[in-house]
Asker: 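Let me begin by handing over the structure; questions about it come next.
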Amino acid sequence: MPPERILVVEDDDVIGRSLERTLLGQGYDVAWARTVAEAKDALTPATALVLLDLGLPDGDGLALCAELRRRMAGLDIILLTARQTEADVVLGLDAGADDYLVKPFRLAELLARIRARLRRQPSDDVLHAGPLDLDVAARRARVNGVTVDLRPKEFDLLALLAANAGNVVGRERIMAEVWDEHWFGSTKTLDIHIATLRRKLAAQGGPGAIGTLRGIGYRLEWT
Ligand code: CA
């Protein structure tokens with residue numbers, strides 16, 4: 001297999017060079033863009049993952065995130081942000097990001113997140129739960145026959161719940177399997193993703209698809 005291509009979008013020379021050197025050392029193929037314009041040019045069909053700094057000199061990183069997501073639905077996008085407010089994280093996830101790291105971060109943690117993102121193994125299972133059909137290989141979810149537009153993390157989360165339909169899946173297990181075992185951040189992101197999933201599923205098939213067991217976990221009520 002050829003090395004996986006990672007696009008680093010970072011205008012800070014020190015951070016950019018450090019990321020480039022580290023990723024090359026790990027055997028990845030690396031492209032480094034310093035601006036929004038360079039990033040748009042550097043995205044190729046071979047790009048597997050983007051590390052995206054939100055503060056760029058020539059444009060809005062969130063808008064770029066949304067555009068990259070539109071151009072390549074299967075792309076993994078990890079935000080690198082100095083902004084620490086929850087609102088920015090929510091905006092980033094809404095713009096299609098899969099994960100985020102707040103600067104300053106440890107390179108070891110970043111590498112663990114990258115490995116977790118690129119490790120998704122294909123499967124040809126199709127899961128059925130009530131009105132839900134989940135084609136894991138095609139990464140497509142349908143409710144009552146209508147495709148529901150899900151971001152990658154939302155899909156992974158729904159797939160885990162659907163594989164355990166009718167049973168509670170603990171928060172710890174969700175964080176370990178959908179995010180990764182090295183996730184030290186807030187589990188707030190899980191609640192945000194659940195809320196979005198509920199809204200999207202409710203729009204197609206009625207409310208109540210996902211039950212909450214407070215402090216324990218979540219359960220897909222469709223079986
Ligand atoms: Ca910056």
Side-chain angles (χ1 to χ4, degrees), residues 3-120 151-154 156 175 178-180 182-193 196:
E4 284 148 317
R5 184 178 181 82
I6 296 179
L7 171 59
V8 176
V9 186
E10 171 60 78
D11 62 311
D12 183 292
D13 271 339
V14 174
I15 298 174
R17 195 171 303 117
S18 160
L19 289 174
E20 183 183 49
R21 194 183 315 122
T22 302
L23 294 171
L24 285 171
Q26 296 290 313
Y28 295 111
D29 180 17
V30 182
W32 177 14
R34 291 168 180 77
T35 63
V36 169
E38 284 180 17
K40 288 179 184 175
D41 285 346
L43 185 75
T44 75
T47 307
L49 185 142
V50 179
L51 298 178
L52 176 58
D53 174 35
L54 281 185
L56 293 166
D58 62 335
D60 180 2
L62 287 174
L64 175 61
C65 179
E67 181 174 342
L68 295 177
R69 168 63 64 229
R70 265 197 309 278
R71 280 170 61 179
M72 279 178 68
L75 195 64
D76 283 305
I77 303 175
I78 300 179
L79 300 180
L80 307 177
T81 174
R83 310 171 191 178
Q84 302 197 29
T85 67
E86 187 181 318
D88 283 322
V89 170
V90 172
L91 287 175
L93 296 173
D94 277 347
D98 300 291
D99 201 353
Y100 65 95
L101 278 168
V102 175
K103 294 177 182 177
F105 50 82
R106 293 181 304 114
L107 282 173
E109 184 177 358
L110 175 66
L111 291 174
R113 301 277 186 94
I114 291 172
R115 280 196 299 274
R117 293 303 321 157
L118 296 179
R119 193 170 56 201
R120 282 194 316 236
R151 296 192 310 247
K153 280 292 187 213
E154 293 162 5
D156 293 343
M175 293 313 294
V178 177
W179 279 267
D180 73 90
H182 302 289
W183 177 272
F184 296 120
S186 163
T187 58
K188 188 92 197 160
T189 189
L190 168 57
D191 301 312
I192 293 168
H193 279 76
T196 309

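Counting starts at 1 for both ligands and their atoms, following the listed order. Computed from a prediction, not measured in an experiment: that's the story for all the values here.
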Asker: Please determine if Glu10 and Lys103 form a salt bridge, counting it only when a charged side-chain N lies under 4.0 Å from a carboxylate O.
Answerer: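 A salt bridge is present here (some side-chain N lies under 4.0 Å from a carboxylate O).
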Asker: For Val9 and Ala39, work out which heavy atoms get closest and say how close.
Answerer: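 Shortest heavy-atom contact: CG2-CB, 3.7 Å.
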Asker: Before giving the answer on salt bridge (Lys or Arg N to Asp or Glu O under 4.0 Å), spell out for Glu20 and Arg17 the whole-Å C-alpha distance, their side-chain angles and the decisive distance to 0.1 Å.
Answerer: CA-CA 5 Å; Glu20 183 183 49; Arg17 195 171 303 117; over 6 Å; no
Asker: Quick one: OG1 on Thr22 to CG on Leu110, what's the gap to the nearest 0.5 Å?
Answerer: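 Taking OG1 in Thr22 and CG in Leu110, the distance rounds to 8.5 Å.
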Asker: Closer than 3.0 Å to the Ca ion (ligand 1): how many protein N, O or S atoms are there?
Answerer: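 If we list every protein N, O or S atom nearer than 3.0 Å to the Ca ion (ligand 1), we get 3.
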Asker: Out of Asp98, Asp76, Asp94, which residue meets the salt bridge (charged side-chain N to carboxylate O under 4.0 Å, His left out) rule with Arg69?
Answerer: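 For Arg69, the salt bridge (charged side-chain N to carboxylate O under 4.0 Å, His left out) check succeeds only for Asp98.
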Asker: Can you tell me how far CD1 of Ile6 sits from CG of Leu51, rounded to the nearest 0.5 angstrom?
Answerer: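 Result: 6.0 Å between the selected atoms.
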